[in-house]
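The structure appears below as structure tokens.
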Amino acid sequence: MSKDRRSTWNARHRDTSRGAPEPFVMEHLGLIPRGGIVLDVAAGRGRNAIPIAEAGFRVVAADYSETGVRAIADAARKKRLPVHPVIADFDNFAFRAGAFDGIINVNFLDRALFADFERALKPGGTLIVDTFLIDQMDLGHPKEPHFLLQHYELRELAARLELLRYREGLVVYPDRSRAWRAGAVARRRG
């Protein structure tokens, strides 16, 4: 990624709020072995990484934004949580095979990464993905079709894994905001 893109992401993560964890992720955390190592892909400021660590997991929180990674490091240090922040460029997936008991991927869509996710999971490891559907264009951000899933596309992307849970549709959050989302929980066979 370019310096301009890093500047854009750093600016986005200068906001001091972390935000609430994604409900779909928190609902399905129990499908990852407690105490396991979880990779939070595109972790931002840690809205999922911090609560995942608080739930008893060791977390590798990876993001392209230096600002976001620093925010995660500060929050984890203050709370004495087992979170290891990493600056990562997902154009070059640098995590070793069989490293993770779980991988969390929220609001980040790079279709090419699904083969890397499968490889990086331990046998029996769990992938939890939750991101936007193409219908989201009608509600607002994001509007770029490349970053939006077609209907049932997430099933296809996770096809080499054992699908445990799947949902698509309009999600209404506790604050009454709405988003068109697809969510999948899948396990690496092994």
Side-chain angles (χ1 to χ4, degrees), residues 17-63 68 71-72 75-76 79 81-85 99-111 113-114 117-118 120-136 139-142 147-190:
S17 66
R18 181 172 34 255
E22 191 61 40
F24 187 82
V25 170
M26 301 312 291
E27 178 184 337
H28 294 98
L29 266 185
L31 295 172
I32 300 172
R34 195 165 190 78
I37 301 171
V38 175
L39 172 64
D40 185 3
V41 175
R45 296 183 57 82
R47 77 178 180 116
N48 293 305
I50 298 301
I52 291 168
E54 289 171 334
F57 297 91
R58 294 172 287 157
V59 179
V60 175
D63 199 276
I72 294 169
K79 294 182 173 211
L81 293 171
V83 177
H84 307 282
F100 300 106
D101 297 287
I103 297 177
I104 308 297
N105 186 74
V106 175
N107 294 349
F108 180 75
L109 181 58
D110 182 342
R111 292 160 176 89
L113 286 175
F114 280 80
F117 293 162
E118 179 186 0
L121 283 169
K122 294 177 182 176
T126 304
L127 172 66
I128 301 175
V129 178
D130 192 50
T131 195
F132 297 103
L133 283 168
I134 192 71
D135 310 80
Q136 183 65 19
L139 290 181
H141 180 77
F147 300 117
L148 300 167
L149 289 165
Q150 297 297 318
H151 289 277
Y152 304 107
E153 183 182 7
L154 183 54
R155 278 182 177 270
E156 294 170 25
L157 291 170
R160 292 178 45 95
L161 302 169
E162 175 189 2
L163 192 61
L164 304 175
R165 306 278 191 285
Y166 190 81
R167 69 109 166 90
E168 280 192 12
L170 185 63
V171 173
V172 179
Y173 291 95
D175 68 359
R176 300 189 190 263
S177 63
R178 303 176 315 148
W180 286 93
R181 308 208 39 103
V185 181
R187 182 170 291 140
R188 180 177 171 194
R189 292 176 174 92

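- Put simply, CG on L109 and CZ on F114 are 6.5 Å apart, with the number rounded to the nearest 0.5 Å.
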Q: Apply the test side chain to side chain contact (heavy atoms under 4.5 Å, CB included) to residues D101 and V38: give CA-CA distance (whole Å), side-chain angles for both, the deciding distance (0.1 Å), then the verdict.
A: CA-CA 6 Å; D101 297 287; V38 175; 5.5 Å; no
Q: Evaluate side chain to side chain contact (heavy atoms under 4.5 Å, CB included) for R187 paired with L161, printing each intermediate quantity in order.
A: CA-CA 5 Å; R187 182 170 291 140; L161 302 169; over 6 Å; no
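- Listed for the R34 side chain is a donor-acceptor partner under 3.5 Å among the backbone atoms of A55.
- Among the candidates N107, L170, L133, the single residue satisfying the side chain to side chain contact (heavy atoms under 4.5 Å, CB included) test with R181 is N107.
- Taking a cutoff of 4.0 Å between a charged side-chain nitrogen and a carboxylate oxygen, R45 and D63 do not qualify as a salt bridge.
- To the nearest 0.5 Å, atom OG1 of residue T126 and atom CD1 of residue I103 are 10.0 Å apart.
- If you take NE2 on H84 and CD1 on I72, they are separated by 12.5 Å, rounding to the nearest 0.5 Å.
- The pair E162-R188 does not count as a salt bridge, with every side-chain nitrogen at least 4.0 angstrom from each carboxylate oxygen.
- Of all heavy-atom pairs between H28 and I128, the closest is O-CD1, 3.7 Å.
- When all heavy atoms of Y166 and A184 are compared, the pair lying nearest together is CD1-CB, 3.9 Å.
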Q.
Walk me through whether Y173 and E22 qualify under side chain to side chain contact (heavy atoms under 4.5 Å, CB included).
A. CA-CA 9 Å; Y173 291 95; E22 191 61 40; 2.6 Å; yes
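- For R160, the CZ atom counts as loosely surrounded, since its 6.0 Å shell holds 12 or fewer non-hydrogen atoms of other residues, nucleotides or ligands.
- More than 12 heavy atoms of other residues, nucleotides or ligands lie within 6.0 Å of CZ in R189, so this atom counts as buried by the packing criterion.
- Residues Q136 and P142 approach most closely at CG-CD, 3.9 Å, considering heavy atoms.
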Q: Might you work through the side chain to side chain contact (heavy atoms under 4.5 Å, CB included) test for F57 and I37, ending with a clear yes or no?
A: CA-CA 6 Å; F57 297 91; I37 301 171; over 6 Å; no
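- With V83 as the fixed residue, the side chain to side chain contact (heavy atoms under 4.5 Å, CB included) test singles out one of I52, D40, V59: V59.
- For I50 against A76, the heavy-atom pair with the smallest separation is CD1-N, 4.0 Å.
- Taking CZ of F108 as the reference point, atom OG1 of T131 lies at 9.5 Å (rounded to 0.5 Å).
- Of the charged side-chain nitrogens involved, none lies within less than 4.0 Å of a carboxylate oxygen, so that E27 and R167 do not count as a salt-bridged pair.
- To the nearest 0.5 Å, atom CG of residue N105 and atom CZ of residue F117 are 4.0 Å apart.
- Remark: side-chain polar atoms of E168 are not paired, donor with acceptor, to backbone N or O of A182 under 3.5 angstrom.
- Between P51 and M26, the closest heavy-atom pair is CB-CE, 3.8 Å.
- Enclosure of atom OH in Y152 is not indicated, since only 12 or fewer non-hydrogen atoms of other residues, nucleotides or ligands lie within 6.0 angstrom.
- In this structure, CD in Q150 is found 11.0 Å from CG in L157, a value given to the nearest 0.5 Å.
- Checked options V185, L163, L121, L39; the residue passing with L127 is L121 (criterion: side chain to side chain contact (heavy atoms under 4.5 Å, CB included)).
- V129 pairs with exactly one of L113, I104, L154 by the side chain to side chain contact (heavy atoms under 4.5 Å, CB included) rule, that one being L154.
- V60 is listed as a side-chain neighbour of F100, based on a closest heavy-atom distance under 4.5 Å.
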